[in-house]
Enquirer: 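Please read through the structure below; I'll follow up with questions.
Computed over heavy atoms, backbone and side chain alike; hydrogens, waters and symmetry mates excluded. Since the model is a prediction, treat every value here as computed from it, not as a measurement.
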Amino acid sequence: MKIKRSDLDWAVTQNILNPQQADALWTGLCARTEPDAKFSVTHVLYYLGALIIIGAMSWFITDAWDRLHSSVLLIVSGGYLLGFLLVGNLMWFKSQHRIPAGLFITISICLTPLFIYSLQRALHLWPHQDPGDYHSFFSWVNGGWFAMELVTLISGLIALRLYKFPFMSAPVALVLWFMSMDLTPILFQGEGSIYEQRKWMSLAFGLIMIAGSYMIDRNTKEDLTFWGYLFGCIAFWGGLTLLDGDSELSRFAHFAINVGLIALSLFLDRKVFLVFGVFGVVIYLYHLSSHLFEDSLTFSIALSAQGLLLVYLGILYNKHHDKIERHLTPYIQKWRPRKTQA
């Protein structure tokens with residue numbers, strides 16, 4: 001629940017609080033919590049500028065960078081990384097510059113793969129095989145990227161531990177997703193279909209990312225897990241959907257898991273699970289309408305009736321919301337993340 005000053009003013013008009021109590025309560029709440037980041041021109045400029053820098057030094061790197069001598073590339077990438085890290089660290093301790101400081105440190109994390117790549121190229125040291133040009137890092141799956149991803153992951157986790165800036169979790173989650181694909185050829189060299197193995201690896205990594213994000217969510221007040229949940233869902237749901245079996249039983253199992261994702265979105269108060277769960281349910285219903293019941297007139301009518309039933313259940317739940325919450329809260333509250341308990 002978010003409380004505004006207008007809510008306290010309303011409480012005064014209803015004789016719930018007197019003006020002195022409202023002033024004292026508002027002052028205490030403001031001192032206890034940090035102001036929320038607001039959508040403003042300043043924030044748009046901060047994040048847009050940071051994303052342009054990240055893109056310039058990662059996604060949009062051209063072939064010209066790969067033509068640089070390895071030692072030059074190492075110095076340039078290391079200088080950029082160290083510069084953004086030092087400036088971000090100095091600014092971090094000034095509250096009015098906390099957001100650009102966090103973004104600068106995030107940029108240094110995003111520069112880690114380029115720095116490690118240039119170091120490996122200078123030493124001719126690859127854990128699996130030479131992956132080729134750096135600009136392919138974001139488009140080609142290759143076990144040779146694993147060392148870059150591992151170091152980036154470690155540096156990102158250390159930065160999150162020290163600074164607790166939510167956007168820092170974005171490169172950490174992204175590189176974990178990349179690792180789920182690039183680790184497969186290292187673990188299963190020449191064993192079976194690499195395509196099938198990547199499906200299972202993606203599903204497993206997605207589960208690990210979701211579980212890890214949940215544990216962090218349970219033990220931190222800051223929202224550090226949005227990106228972990230997002231990329232965890234992408235990896236898990238993508239692997240699950242591509243594992244679409246031939247039997248109706250396996251398809252129904254996938255449907256049930258997607259319904260579980262919808263329920264999980266309510267428990268964790270995370271819309272990302274709702275989005276993927278709904279997509280999964282719609283895919284299953286489309287399969288039913290286009291294959292099992294393609295010649296049935298009653299399928300659409302029965303499906304509409306189920307939709308109406310769900311709406312009616314929503315009306316009933318809204319009517320008895322307080323009573324249901326009172327009975328359920330003692331059982332589930334201890335397992336919910338802190339921000340959901342608030």
Side-chain angles (χ1 to χ4, degrees), residues 33-68 72-119 133-139 145 148-149 151-178 213 216 220-232 234 271-272:
T33 59
E34 294 184 1
D36 292 335
K38 297 180 180 179
F39 185 76
S40 66
V41 173
T42 302
H43 288 83
V44 170
L45 293 175
Y46 283 159
Y47 280 90
L48 181 59
L51 287 174
I52 289 175
I53 295 171
I54 291 171
M57 302 304 297
S58 54
W59 315 315
F60 308 127
I61 275 185
T62 63
D63 292 334
W65 285 81
D66 288 304
R67 290 196 292 269
L68 290 175
V72 176
L73 185 60
L74 182 64
I75 293 171
V76 172
S77 60
Y80 266 103
L81 189 156
L82 188 60
F84 280 113
L85 180 60
L86 290 177
V87 172
N89 183 70
L90 289 173
M91 295 175 63
W92 181 258
F93 300 100
K94 299 177 181 179
S95 58
Q96 70 271 29
H97 298 315
R98 184 64 61 89
I99 293 177
L103 290 172
F104 282 161
I105 298 170
T106 305
I107 292 170
S108 70
I109 298 171
C110 295
L111 284 165
T112 304
L114 178 60
F115 175 72
I116 298 301
Y117 171 83
S118 60
L119 180 62
D133 296 338
Y134 179 78
H135 69 272
S136 301
F137 174 53
F138 297 92
S139 56
W145 308 122
M148 298 156 52
E149 294 160 348
V151 177
T152 303
L153 173 63
I154 294 171
S155 63
L157 291 176
I158 293 173
L160 270 172
R161 178 74 176 175
L162 294 175
Y163 300 101
K164 291 184 173 58
F165 185 70
F167 192 59
M168 288 179 192
S169 62
V172 173
L174 178 63
V175 82
L176 267 173
W177 183 36
F178 281 8
S213 298
I216 295 172
T220 56
K221 293 182 179 179
E222 300 87 356
D223 187 4
L224 303 176
T225 53
F226 168 79
W227 296 99
Y229 282 135
L230 175 61
F231 285 107
I234 291 173
K271 294 182 178 65
V272 62

Enquirer: Who passes ring-ring contact (aromatic ring centres under 6.0 Å, His included) against F178, sequence neighbours left out?
Expert: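 Once residues adjacent in sequence are excluded, the partners of F178 under the ring-ring contact (aromatic ring centres under 6.0 Å, His included) criterion are F137.
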Enquirer: With rounding to the nearest 0.5 Å, note down the distance linking CG in L73 to OH in Y134.
Expert: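 Between atom CG of L73 and atom OH of Y134 there are 9.5 Å.
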Enquirer: I'd like to check the side-chain contact (heavy atoms from CB on, under 4.5 Å) partners of L86; sequence neighbours left out, ordered by chain and number.
Expert: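 Listed in chain order: L82.
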Enquirer: Using a 3.5 Å cut-off and no angle test, enumerate the donor-acceptor pairs between side-chain atoms of residues 159-168 and protein atoms at least two apart in sequence or in another chain.
Expert:
| from | atom 1 | to | atom 2 | distance (Å) |
| --- | --- | --- | --- | --- |
| Y163 | OH | N89 | OD1 | 2.7 |
| K164 | NZ | R161 | O | 3.2 |

Enquirer: Say you draw a straight line from CG of L111 to OG1 of T106; how long is it, rounded to the nearest 0.5 Å?
Expert: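 Going from CG on L111 over to OG1 on T106, the span is 11.0 Å.
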Enquirer: At their closest point, which heavy atom of I99 faces which heavy atom of H43, and how far apart are they?
Expert: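 Between these two residues, the closest heavy atoms are CD1-NE2, 3.0 Å.
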Enquirer: Applying side-chain hydrogen bond (donor to acceptor under 3.5 Å, both in side chains) as the test, list every pair that has at least one member in residues 167-176; sequence neighbours left out.
Expert: none
Enquirer: If you measure from CG on L103 to CG on L48, what distance do you get to the nearest 0.5 Å?
Expert: 11.0 Å
Enquirer: In chain order, what residues pass the ring-ring contact (aromatic ring centres under 6.0 Å, His included) check against Y80, with sequence neighbours excluded?
Expert: none
Enquirer: Please name the pair of heavy atoms, one in S155 and one in T112, separated by the smallest distance, quoted to 0.1 Å.
Expert: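 Looking at all heavy atoms of both residues, the closest pair is OG-OG1, 3.7 Å.
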Enquirer: Listed by chain and number, what are the side-chain contact (heavy atoms from CB on, under 4.5 Å) partners of L74, not counting sequence neighbours?
Expert: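 Residues passing side-chain contact (heavy atoms from CB on, under 4.5 Å) with L74: F115, S118, L119.
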Enquirer: Enter the distance from Y229:OH to I216:CD1 here, rounded to the nearest 0.5 Å.
Expert: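 Answer for the OH-CD1 pair, Y229 versus I216, is 9.0 Å.
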Enquirer: How many angstroms lie between CG in L153 and CG in L174, if you round to the nearest 0.5 Å?
Expert: 11.5 Å
Enquirer: Testing the basics here: between V272 and L230, what is the closest heavy-atom pair and its distance to 0.1 Å?
Expert: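 That would be CG2-CD1, 3.7 Å.
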Enquirer: Taking the side chain as C-beta and beyond, is there a heavy-atom pair between F104 and W92 under 4.5 Å?
Expert: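 The answer is no; the side chains never approach within 4.5 Å.
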Enquirer: Working to the nearest 0.5 angstrom, can you tell me the gap between F84 CZ and I109 CD1?
Expert: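 Here the rounded value is 13.0 Å.
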Enquirer: Shortest non-hydrogen contact from G88 to A101?
Expert: O-CB, 3.3 Å
